[in-house]
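None of these values were measured; they are calculated from a predicted model. Reckoned from all heavy atoms, side chains included, excluding hydrogens, waters and symmetry mates.
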Amino acid sequence: MTINEETTEAEYAEVRDTTEGPVYHVSGGDWDEVLGDAQHDDRMVINMGPQHPSTHGVLRLVLELEGETVTQLRAVVGYLHTGIEKSAEFRNWTQGVTFVTRADYLAPLSNEMAYCLAVEKLLGVKAPPRAEILRVLLLELNRITSHLVFIATGGMDLGATTAMTLGFREREEAMHLLEYLTGLRMNHAFIRPGGLAQDLPEDWAEKVLDFCKLMDKRLPLYDKMFTGQPIWRNRLKDVGVLPLDACLELGVTGPVLRAAGLPWDLRKTEPYSRYDELEFDIPTSTDADSWARYLLRLEEIHQSLRIMKQVAKMAEPGPVMVEDKKIAWPAQLSIGSDGMGNSLGHVKKIMGQSMESLIHHFKLVTEGFHVPPGQVYAPVESPRGEIGAHLVSDGGTRPLRVHLREPSFVNMQAMPAMAEGGLVADLVVVIASIDPVLGGVDR
């Protein structure tokens, strides 16, 4: 090797031997010269994330590349770990809802639903019919908001800024409705063990139907802007293919599984909360690629609107919480004139009752109710797939163990199978098509 060659290598491609082979550190200089100096048979290892916008800021991908081709991919998670499950074990059963709702923060109501169904299994109770059908309404509205984020952020990852503006425009309408119905835009803690925190406003059905009418008017624009757009189609078609047998081996659920041809949706296969009384279809495809996942989620928005219209017409009057006062959290509160705290009339009502009633109210709020010992698993169909709550009770007022079977976490292990052999640019499409939410992955 000549002196010039030694100088060039030191300047542009410094070599460091590791147990995995030589690692080249490239910096500065003209890129063509750098490539010329780095001609070798070794692969290049780079980090994509965790501060990468397409990995949602908290997912690190260790990529092994040959040119622009991904030869190996490893996902590194844990950058958003919040200890939700362990924290829930140090609160009473009702307070646990406020923790699990923050896991998959784009589908908080699905988290709440799985957790509350598991608690109700342990208690041996069932929510009243009105509470069950209103739960369905909230879940489907939440499914729409989540799928709109998938379209918006997925488009933004690919440079389609119009997808971002359109998706969030419609999502804002849905979030306004969620806030009107539950009081909060996200992390609602509205689904409680035994029913709902409180009933919906009197004109909720009218508001829901107005929203459905607006969405029916705006959704055709998505077909014009994206489905019929050749660039969008070419970026997604035949990218991130994961056939049905691979989905089953990896435990993949949700739209990724249904896009591979299996119509597995817990709302149909294992109905809960009166889903068996509703008419809706489960869209599927056999293409098993990112394009099929996009089309499927868009159709699921239409089906969710179809369900919401039915709920608005079939919800009967009645209680939204179980009658058992040893379980029912005192939720029918009257807010003070300043919009904060309880009204004086509500305080007077509580204080004016018997001492036993006041003691019961105090113990139920501070200590919580006892749950019979045992362990259960309750799954529901979230926008990303099967989310299940595995709860263990020792008979006390707080869970002994809480664990969420989180679909984003399970589905992400399919990423290497979908991305290896493809280009780095297609890796962005793969991540978006899985639609992972890192709050659910790390918990």
Side-chain angles (χ1 to χ4, degrees), residues 56 77 80-89 93 96-122 127 132 135-147 149-150 178 186-193 247-248 250-259 262 264-273 275 282 293 296-297 300 304 307 375-392 399 401-414 434-443:
H56 300 245
V77 300
L80 196 60
H81 182 55
T82 45
I84 285 172
E85 293 150 324
K86 185 55 65 178
S87 297
E89 295 167 12
W93 292 92
V97 177
T98 65
F99 287 94
V100 298
T101 189
R102 287 166 166 79
D104 181 348
Y105 43 76
L106 289 184
L109 289 158
S110 296
N111 307 338
E112 298 172 23
M113 186 67 173
Y115 175 84
C116 290
L117 285 179
V119 176
E120 289 163 10
K121 270 188 181 181
L122 285 168
E132 284 196 314
R135 283 177 171 183
V136 170
L137 171 74
L138 296 172
L139 287 170
E140 294 309 311
L141 180 56
N142 202 180
R143 192 182 313 278
I144 291 172
T145 65
S146 179
H147 285 347
V149 172
F150 156 77
L178 266 177
M186 58 190 298
N187 302 335
H188 314 272
F190 194 76
I191 299 177
R192 304 275 181 89
C247 289
L248 296 175
L250 293 168
V252 171
T253 55
V256 180
L257 175 63
R258 293 191 287 275
L262 185 65
W264 181 267
D265 189 311
L266 292 169
R267 296 174 295 172
K268 286 281 192 183
T269 53
E270 297 178 22
Y272 52 92
S273 196
Y275 268 110
I282 304 299
R293 293 169 205 136
L296 194 141
R297 287 188 177 98
E300 283 192 2
S304 291
I307 292 172
Q375 63 176 322
V376 295
Y377 176 77
V380 303
E381 188 70 33
S382 89
R384 268 155 286 286
E386 178 181 330
I387 181 168
H390 177 216
L391 305 183
V392 182
R401 289 289 180 270
V402 176
H403 177 68
L404 297 178
R405 188 270 182 204
E406 226 293 322
S408 293
F409 180 74
V410 179
N411 291 355
M412 265 182 51
Q413 68 181 341
I434 295 176
D435 190 27
V437 172
L438 275 297
V441 173
D442 292 348
R443 297 189 302 284

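We find the NE2-CZ distance between H403 and R443 to be 5.5 Å, quoted to the nearest 0.5 Å. To the nearest 0.5 Å, atom NE2 of residue H81 and atom CG of residue L438 are 13.5 Å apart. Note that OH of Y377 is 5.5 Å distant from CZ of R405, once rounded to the nearest 0.5 Å. In this structure, CG on N111 lies 6.0 Å from OG1 on T101, to the nearest 0.5 angstrom. Atom CG of residue L137 and atom CD1 of residue I307 lie 10.5 Å apart, to the nearest 0.5 angstrom.
Annotation for V136 and S273: closest pair CG2-O, 3.0 Å, computed over non-hydrogen atoms. Among all heavy-atom pairs drawn from V256 and I434, the shortest one is CG2-CA, 4.2 Å. Contact detail for C116 and P193: the closest heavy-atom pair is SG-N, 3.4 Å. The two atoms that bring V392 and H390 nearest to each other are CG2-NE2, 4.0 Å, heavy atoms only. Minimum interatomic distance between V380 and S110 (heavy atoms only, all atoms of both residues): CG2-O, 3.6 Å. Looking at every heavy atom in both residues, A88 comes nearest to P399 through O-CD, 3.6 Å.
Applying the salt bridge (Lys or Arg N to Asp or Glu O under 4.0 Å) test to pairs two or more places apart or on separate chains, those with a residue in residues 102-122 are D104-R384, E120-R135.
Side-chain atoms of E386 do not come within 3.5 Å of backbone N or O of L266 as any donor-acceptor pair.
Looking at R143 and P383, their side chains come closer than 4.5 Å, going by heavy atoms from C-beta outward.
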